[in-house]
Amino acid sequence: MSVRSFTCLFCLVIGALACGGSDADMPDEDAQQATTRALLDLPDHFELPDIPEGNPLNASKIALGRLLFYDVRLSANGTQSCGSCHEQSSAFADGVRTPVGSTGTPLVRNSQGLANVAYMSTLTWAADTLPTLEDQIPIPVANDNPIELGVTDGVRDEVLARFDDDPEYSALFDEAFPESETGVTLEKVVFALASFCRVLISGSSPYDRYVRGDRDALTQQQKEGLALFEGERFECFHCHGGVLQTAAYHDANRSERRFAFFNTGLYNVDGEGGFPEVDQGLYDLTFNPDHRGLFRPPSLRNVELTGPYMHDGSIPTLREAVEHYTKGGRLIESGPYAGDGRLSPLKSGLVRNFEVEDEEIDAVVAFLESLTDREFIRDPAFSDPWAN
């Protein structure tokens with residue numbers, strides 16, 4: 001299927017969803033919300049995300065963004081796409097400790113899953129200056145240290161020309177941005193990618209069915225795990241609360257964004273709370289010593305599929321991640337990162353050692369597995385169109 005025919009088909013499907021039923025009797029704001037919900041295909045128990053006024057959703061932009069997300073021509077050397085580090089089968093993570101950029105440069109941070117990323121109040125592992133997808137996406141596309149897709153200033157025009165000179169792509173950009181006459185620009189690429197990422201909604205897990213009233217959607221063990229997860233011994237819900245399973249979220253009905261960052265006692269290389277110099281979290285932006293080791297709590301949606309865990313992928317399994325918190329941090333006995341994170345003076349007070357039974361850890365892990373959305377990782381609307 002050609003780029004053009006695929007996108008026309010996709011837009012017909014999305015357009016039908018958005019136009020299902022008559023909006024004639026709805027107030028303008030309600031009609032717009034109904035259209036947006038349809039474009040996002042939101043479950044009833046999800047609120048609308050906050051979508052920037054400067055980049056409103058439309059079906060053509062979403063379809064274009066999906067093509068670009070999986071197109072290796074968006075990397076300078078034509079070897080990688082966004083989908084290279086965000087694979088649908090891994091809930092748009094990649095299953096490795098840390099990825100490698102298009103030029104072979106190892107990256108220092110684990111690839112996060114993208115489920116429900118439309119709701120995140122700030123993006124990446126440790127930045128308080130990236131509140132929207134439009135702010136964040138240019139970094140992996142154009143950053144030069146480290147190189148990811150490598151669309152740096154020196155090659156930007158060459159890369160954009162690949163799409164501007166393609167008649168089918170050029171027409172798709174015109175459809176997605178009908179009021180613009182500037183051709184393909186990096187801003188339009190970013191806006192289309194952001195639009196596609198916003199439709200990556202995951203809300204069909206067993207946990208979601210339970211929230212919607214199906215009391216049989218969770219096993220007895222998973223229900224016990226949920227009670228522990230939401231209890232004051234494990235304290236999980238403080239950083240991973242609500243239907244989105246994170247503290248760092250924002251939606252259209254909230255007046256403030258939540259900028260949540262925590263030190264979880266992962267490292268303590270100097271006895272004073274220090275983290276390895278390769279990545280010290282929020283401190284690397286603010287240079288505030290108290291911000292060493294502060295990272296954003298990711299959503300736990302599909303967490304069974306998004307390991308290995310932590311910002312550097314240094315905890316291999318989900319059970320080990322849960323055990324890390326029950327131990328109140330991590331002791332590294334030898335090597336360059338030796339230190340007792342349990343004793344870090346910068347560690348969050350929510351991370352503390354407590355007595356726990358193996359069966360309780362089993363139950364929490366079982367609950368976390370109930371957050372896996374098999375429909376999401378198999379949805380053809382999110383799949384690689386170039387693989388078909």
**Complete:** From the list Glu320, Arg330, Arg97, side chain to side chain donor-acceptor pair (under 3.5 Å) partner of Ser314 resolves to Arg330
**Asked** Quick check: does any side chain N or O of Trp125 sit under 3.5 Å from a backbone N or O of Asp312, one acting as donor and the other as acceptor?
**Response** no
**Asked** Where the side chain of Thr326 meets the backbone of Glu323, is there a donor-acceptor pair that is under 3.5 Å apart?
**Response** yes
NZ/NE/NH1/NH2 to OD/OE distance under 4.0 Å, [X] and [Y]:
| X | Y | result |
| --- | --- | --- |
| Arg162 | Asp71 | no |
| Arg198 | Glu134 | yes |
| Arg37 | Asp30 | no |
| Asp208 | Arg301 | yes |

[Y] versus [X], side-chain donor and acceptor atoms under 3.5 Å:
| X | Y | answer |
| --- | --- | --- |
| Ser111 | Asp94 | yes |
| Thr372 | Glu304 | yes |
| Arg378 | Ser383 | no |
| Asn268 | Lys347 | no |

**Item:** Test of ring centre spacing under 6.0 Å for Tyr267 and Phe275
**Value:** yes
**Request:** May I ask you to decide if the ring planes of Phe92 and Phe69 are parallel, tilted or perpendicular, using 30° and 60° as cut-offs?
**Result:** perpendicular
**Prompt:** How are the rings of Phe177 and Phe191 set relative to one another: parallel (under 30°), tilted (30 to 60°) or perpendicular (over 60°)?
**Reply:**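 Judged by the thresholds at 30° and 60°, the geometry between Phe177 and Phe191 is tilted.
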**Fill in**
The single option from Leu172, Leu193, Asp384 that satisfies side chain to side chain contact (heavy atoms under 4.5 Å, CB included) with Leu67 is Leu172
